[in-house]
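Here is the structure we will look at, set down as C-alpha cells.
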Amino acid sequence: MPEQKETLAAFTDHGVPVPANEGRTAAICTNREGETRLVIAARGYVVIVNPQERTSLQVPFPEQHVDYPFASYSSEDGMFYVGAGGMFMVLDPFRGRFTDYARPGLPGEIVGFCFAEDGRGTIYTASYPQCRLMKYDPDCKTLTVIGQLDAEEKYPFSLAVDAYGWIYGGIGTERKTIAAVDPVTLQARSLVPDGERRKGQGKVHLGADGRVYGYYDTESGGSEPRWYRLEQGRMSPVTAEQVAKSAYSGTGFETVHRAFPHPWVLLEMSLAEKEVVLLDQSSGQTFPIRLSYETDGADLSPLVAGPDGRIYGTSNHPLQLYRYDPHSGAVENFGGKAIEKGGGGNICAYAVLGGRIAGAAYAGGHVHLIDTTRPIVTDAAAEGRNPQLVASQEAIYRPRCALAHPDGEHAVFGGYAGYGAIGGGLYIRNVATGEDELLPNERLVPYHSTVCMVALPGGDLLCGTSVEAPGGGKPKETEGRLYRLDWQAKRVVYSEVPAQGEPEVALMEIDGQGKVHAFTAKHYFVYDPMSRQVIRTENIEEMGGVVRNGLVKDEEGRIYGVRTRSVFRIDTGSFKLVPLHAEPPAITAGLAYVDGRLYFASGKRLWSMAIPGYQR
C-alpha cells in the first residue's frame, strides 16, 4: 500500500517519492599494504565500497553534519579527504571512520571545492565563493587558511602543486584564470594575461609524470585549449600530446580521483541507482555491487498536473522522475534513467500542451517532452523512448519558468544562462513540429533573466525578470523588470520597474479581467497591462518566502498560491490574498492542482491540501 497518512488537519502527506541520494564526488583509495576502497561522498555521509568482499558501508559525517560535498581526494597514503558546507573532513576508509574534521570559521564559505597534495603529504584545498586557500597538516591535524587564489572570482575548479612547492588553481567563471601561489610569500598572481581573462575557466592537474599542466578555455569553447606546463610560477606552452594524464577521470559529479589497481576497473557507479559495476581483468568478468544506505530521500522540485490527471515531478540531486496518481494513491518512481542527461539537477519548469508535458531541466537547459498518452519508456535503446530529450539551450542553463502559449502549439522557457554569464534568453519550441527559436539576452532586457511569464490577451507575453547571476557572474543591474514581448515580431515593446528595490519579479498569473498578479520576495502587487500601472501593492513578508512555481489556476480560473509559510487564494475582485491555512508544512516547491486539491513539496515529501469549501 502507498504511504499516506494524515498529519495535519486539511493536509495529507503522500510520503517520499524518491528514496535515493546522489553521489557528489568519489575517490579510489589504496594504502601502503595494497588494500583498496572506493569511497562515494553524498549529502551527509560516505559509502565505502570494498571490491574484494563486494560489500558497502555507510558512514555519516562527523557531528551528524549534513551538507553537499563538491570534490574529494585520495592521498598517497590512502586517506580520503572531502569538504561539505563549512566542514573539512578526513576519512580512513580501511577502518571505516573519520579520523579528523575541522571548521575553518569562514562564514558562508564552502570548503573542499578542490584538493591537491605536495611531496611531503600536506593537503591543500580551496573554498567557494572567496577562493580561500587552505592547507592541512596530517601529522599535526591542523587546517590553516594561508591565502586567496583570486580576489574577485568565486569558483576554484582545480588545484595542483609542483615539485617546487608552487600551488596552482584553475579559476572561473566570469574572468577565468590560472593562479600561481608562491610557496614562500604565499602571494597569488594570475598567469593569464588580463586581456584574455574572459568568461570560462582555467584548469590545472598533476600529471602522471609528476609535473603540473594547465589550460584555460575560450568563451565560445570552439577552439582547442592551449596547454601549458606549470613550473615555479611560470607557464611554458606544450602540445596536447605532451600533457601527462591526470589522476582524475570523468566529469561533474561522475568525477573519480585515481583508479583501481590491477585487476579491477570501475565501469559504472551510481549512488542514486544503488549500484557499482567492476571489471575483473584477470578473469574478464564483470560483477555488480549493490550499495546499501539509509536515506530520508531526495528533495523535490516543482510539480505539474498532467493532462491525464496525475501529478508529475522530479527530485533535485539526483534527478529522478516520479508520478503520483491522486485516484489510486500510487507513486511510481521511474529512476534517473528516465531523463536523458539527467544526473545532478532537476526539471524546474513545465508547460502542458495537449497530451504532452514540456519540461526544462537544470543543468544545461535540457528540454524534455513527456507524452502522457503513452507509457514511460526509460530504455535508451528502445523505440519510442518517453520522455524524449528534444533540445539543450545554454541560454536557459538554469531554467526558471515555462509557458504554454495560447496558440496551443508553442512552449516558451526562460531562466538564467550558464556559468559566468549575466542575463538569460527565451527558448520557444513548437511542440508539434519541432521548430524552435532562441531569443538571446541581447534581444530582450540585457543583463536580466526571465523567471516568470504570462500570456496577455492577443498572445503577447508579459515577462518578469531577475538581475541575479547564480553562475558566478556579477549582476550589473539592481531591480527586476517587467517587459512585454510582441509575440509575432518577437521583440520587446517596453520594459519597466514595477517594484522599487526588488531584484526579482518572481511569480505572475493573469486573471479573467486581464489583470496580472505578481510576487517578489517581499511584495504582492497587481499590474494593469493596459494602463501599465501598478494598481495595488502589499507587503507579505509574514507569509514566508517565494516558492518556485507557486501559483496555479483551477478549471474555473480561480488563482491559488503558496509561500513558504502559507497557502492562499487571490480574490481577483478586491485584489487581496485570502489565507486558506495559516500553518502548513514548510513549503519548498509548488504547485499543482487536481480535483479540488493543491499539491506541493515540503522538502523530500509530497503533500496535498483540500481547498476549503471548494465547488466546481
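All of these numbers come straight from a predicted model, not from anything done at the bench.
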(message) Could you tell me if Lys476 sits above the aromatic ring of Tyr447, with its cationic atom closer than 6.0 Å to the ring centre and no more than 45 degrees from the axis?
(response) yes
(message) Given the ring of Phe413, does Arg429 sit roughly above its face, with NZ or CZ under 6.0 Å from the centre of the six-membered ring and within 45° of the axis?
(response) no
(message) What I want to find out is whether Lys337 reaches Asp379 closely enough, with some N-O distance under 4.0 Å, to be called a salt bridge.
(response) no
(request) Just jot down the salt bridge (Lys or Arg N to Asp or Glu O under 4.0 Å) partners of Arg43, sequence neighbours excluded, or say none. (result) none
(message) Quick check on the 6.0 Å ring-centre criterion: do Tyr101 and His65 meet it?
(response) no
(request) Check whether NZ of the Lys or CZ of the Arg Arg400 lies under 6.0 Å from the centre of the six-membered ring of Tyr416 and within 45 degrees of that ring's axis. (result) no
(message) One thing to verify: whether Arg226 and Glu196 come together as a salt bridge, which I'm taking to mean a side-chain N less than 4.0 angstrom from a carboxylate O.
(response) yes
(request) Assess the pair Tyr419 and Tyr155: is the distance between their ring centroids shorter than 6.0 Å? (result) yes
(message) Can you list everything that forms a ring pair (Phe, Tyr, Trp, His ring centres under 6.0 Å) with Tyr136? Sequence neighbours excluded, please.
(response) Tyr81, Phe88
(request) Return the minimal non-hydrogen interatomic distance between Asn316 and Ser301, and the atom names on each side. (result) CB-OG, 3.3 Å
(message) The criterion is ring pair (Phe, Tyr, Trp, His ring centres under 6.0 Å); which residues satisfy it with Trp227, sequence neighbours excluded?
(response) His205, Tyr215
(request) Indicate yes or no: does Asp139 engage Arg120 in a salt bridge with an N to O separation below 4.0 Å. (result) no
(request) Measure from NZ or CZ of Arg24 to the centre of the six-membered ring of Tyr68 and say whether it is under 6.0 Å with the direction within 45° of the ring axis. (result) yes
